[in-house]
Amino acid sequence: MNRSEPLARMSLRVEQDIFAVRQLGREVARAVGLESQDQTRVATALSEVCRVLLAVGADTDVTFRVESYGVPALQVTMAHSAAGGSSRLAEQLQLVGRLVDTMEVDDGGIGTTVRMARRLPSGAPVLTSTKMDEIRAALAQHVPGTPLDELAVQNQQLIAALDEVRAQRDDLARLNAELEETNRGVMALYHQLSDELEETNRGVVALYAELDEKSVQLRAASEAKSRFLANVSHELRAPVTAIIGLGRLMTDSSSDELTADQQRQVDLIRTSASDLLSLVNGLLDLAKAEAGRLEPTWSEVDLKAMFGQLRGTLRPLATRPEVEFVVDEPTVPTLRSDEVLLAQVLRNLLTNALKFTESGSVRLSVRPIGADVEFVVADTGTGIPSELHERIFEEFYQVPGSMSVSGRGTGLGLPYARRLAGILGGGLRVASTPGTGSTFTLQLPAADESATDKTSEPAS
């Protein structure tokens, strides 16, 4: 048998047929797998539509079928013999349409047709051809009950609906109580968190105030240290210079001739005084850099001339024949920077390299790297362990065992060089391996940004 064939048909003629159609609709809904509540909705919708159609006074054919294409649904078609009035019927059945998924009222010219459908649930049995035949056979044996029977069924359904409503009401009351309890807990937690947050905020504010106070204290201590270094350096420079001068006078040819022992002692005094003067000058320079008193004077620096000057002034320090002192020709002709500060950084790096290189070479070179310029001072000295690469830039720190022929340094040259590199807008880093030497790299911008901005402004 064709699956599209109706499951059941019935004619609506008199008022008693309304109960029969309602009963048949409920049986069909149950047979195709609709749930109990949906069965009641379909039956109620059928009885209401039948009541409205019967009031018109004409016969109505009711057909039940299952649409298996797409989403399976129970479809009920009620063909009314009277034409016209579809808009009025649609308005009357507007509330009924809420009981089903879809409801349509059509006026085909020869009569009025009402179609309504209710989708089958996902758990409904699969309606194969065999299953459809079984449902048709069972519905054919259906015997309509009396109106009293239908009234009893409606009463049972009403009682069941009331019980369900009561159960839902109890569940709703329980949920409301739980929600109210949850709200109280949430409010208590909110107040607790608010209090904790307020306490934390007070702690943070107090911490910031303490940090500000510590910052002021540290700044004051730093300024006091700088002033102390500057004052001590100024006070020490005069007597140290006097000692050096007296030593020079004592060894002058016009003075009385000294014995060999006296000559050695005077040379020791002069050497110690010179070392002390270097330390004093280093302290003074470092104090100026820390106090922010060094302001760079930007200009175009001729690197070729600077390299030539460094080569000439530092070559006398390369007194060891086994150490080759090389200053490469600069590949960058000019650089916008402070000539005095730049030369001082390079001189410090080269002096250190010459002082602590026993054999091999000390080389100065420059190369462009993107928008920057890198000055490289490479030596073949003893090298520096990796864990000390940052410590050598601390004031007065000296690598253990770093003793050269000319003696130990003051421990101020590299810290001062890094500060000058920062003032010039760049940085100073080291790469070194014990036994192979060290490479110090001074990286500077190719142009001073502040000066570039000024020169790029349009003339007024």
Side-chain angles (χ1 to χ4, degrees), residues 225 229 271 274-276 278-287 289-290 306-307 310-311 313-328 330 341-367 369 372-444:
K225 184 191 73 172
L229 291 178
T271 301
S274 297
D275 292 341
L276 182 57
S278 298
L279 177 60
V280 169
N281 290 333
L283 286 173
L284 185 58
D285 292 338
L286 188 61
E290 287 185 345
M306 175 183 286
F307 276 32
L310 290 173
R311 186 187 298 110
T313 56
L314 295 178
R315 188 170 295 280
L317 297 180
T319 56
R320 305 172 195 168
E322 60 271 18
V323 177
E324 181 184 10
F325 178 50
V326 181
V327 178
D328 294 336
L341 299 184
L342 176 59
Q344 196 164 1
V345 175
L346 296 178
R347 189 179 297 109
N348 281 355
L349 297 178
L350 290 171
T351 301
N352 269 359
L354 290 171
K355 185 184 297 184
F356 296 104
T357 301
E358 301 289 341
S359 62
S361 65
V362 174
R363 180 180 297 272
L364 169 64
S365 60
V366 61
R367 61 195 179 193
I369 302 293
D372 297 333
V373 173
E374 288 188 349
F375 296 86
V376 180
V377 176
D379 64 61
T380 58
T382 56
I384 305 169
S386 59
E387 64 271 14
L388 302 180
H389 284 182
E390 286 301 318
R391 293 208 62 188
I392 61 175
F393 294 104
E394 298 176 2
E395 289 85 352
F396 301 106
Y397 182 80
Q398 296 175 342
V399 178
S402 59
M403 180 65 69
S404 66
V405 174
S406 57
R408 297 172 67 91
T410 61
L412 295 175
L414 289 178
Y416 182 56
R418 174 170 275 190
R419 290 187 181 274
L420 291 184
I423 293 174
L424 294 175
L428 179 63
R429 64 182 186 273
V430 62
S432 181
T433 303
T436 61
S438 304
T439 300
F440 288 85
T441 303
L442 171 64
Q443 186 171 357
L444 298 177

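If you're wondering where the values come from, they're calculated on a predicted model, not measured in any experiment.
Proximity of Thr439 to Val377: side-chain heavy atoms (C-beta onward) are nowhere separated by under 4.5 Å. Side-chain contact between Ile369 and Arg367 is present, with heavy atoms from C-beta onward closer than 4.5 Å. Residues Thr351 and Leu317 meet the side-chain proximity criterion, which asks for heavy atoms closer than 4.5 Å. Residues Val327 and Phe325 are in side-chain contact: their nearest non-hydrogen atoms beyond the backbone lie under 4.5 Å apart. Here the side chains of Leu349 and Leu428 are in contact, with some heavy-atom distance below 4.5 Å. Contact annotation: the side chain of Val366 approaches that of Val373 to within less than 4.5 Å [non-hydrogen atoms, C-beta and beyond].
A tilted orientation is assigned to the rings of Phe307 and Phe375, their planes being inclined by 30° to 60°.
Among residues two or more places apart in sequence or in another chain, the side-chain hydrogen bond (donor to acceptor under 3.5 Å, both in side chains) test is passed with Glu390 by Arg418. For Arg429, the side-chain hydrogen bond (donor to acceptor under 3.5 Å, both in side chains) partners are Glu374, Gln443, not counting sequence neighbours.
The minimum heavy-atom distance between Leu314 and Leu354, with the atom names listed, is O-CD1, 3.8 Å.
Tested against Leu364 for a side chain to side chain contact (heavy atoms under 4.5 Å, CB included), the candidates Asp328, Leu350, Val376, Val326 yield a single pass: Leu350.
Looking only at distances, a side-chain donor or acceptor of Thr436 sits under 3.5 Å from a matching main-chain atom of Thr433. Distance alone, capped at 3.5 Å, is enough to place a donor-acceptor pair between the His389 side chain and the Ile384 backbone.
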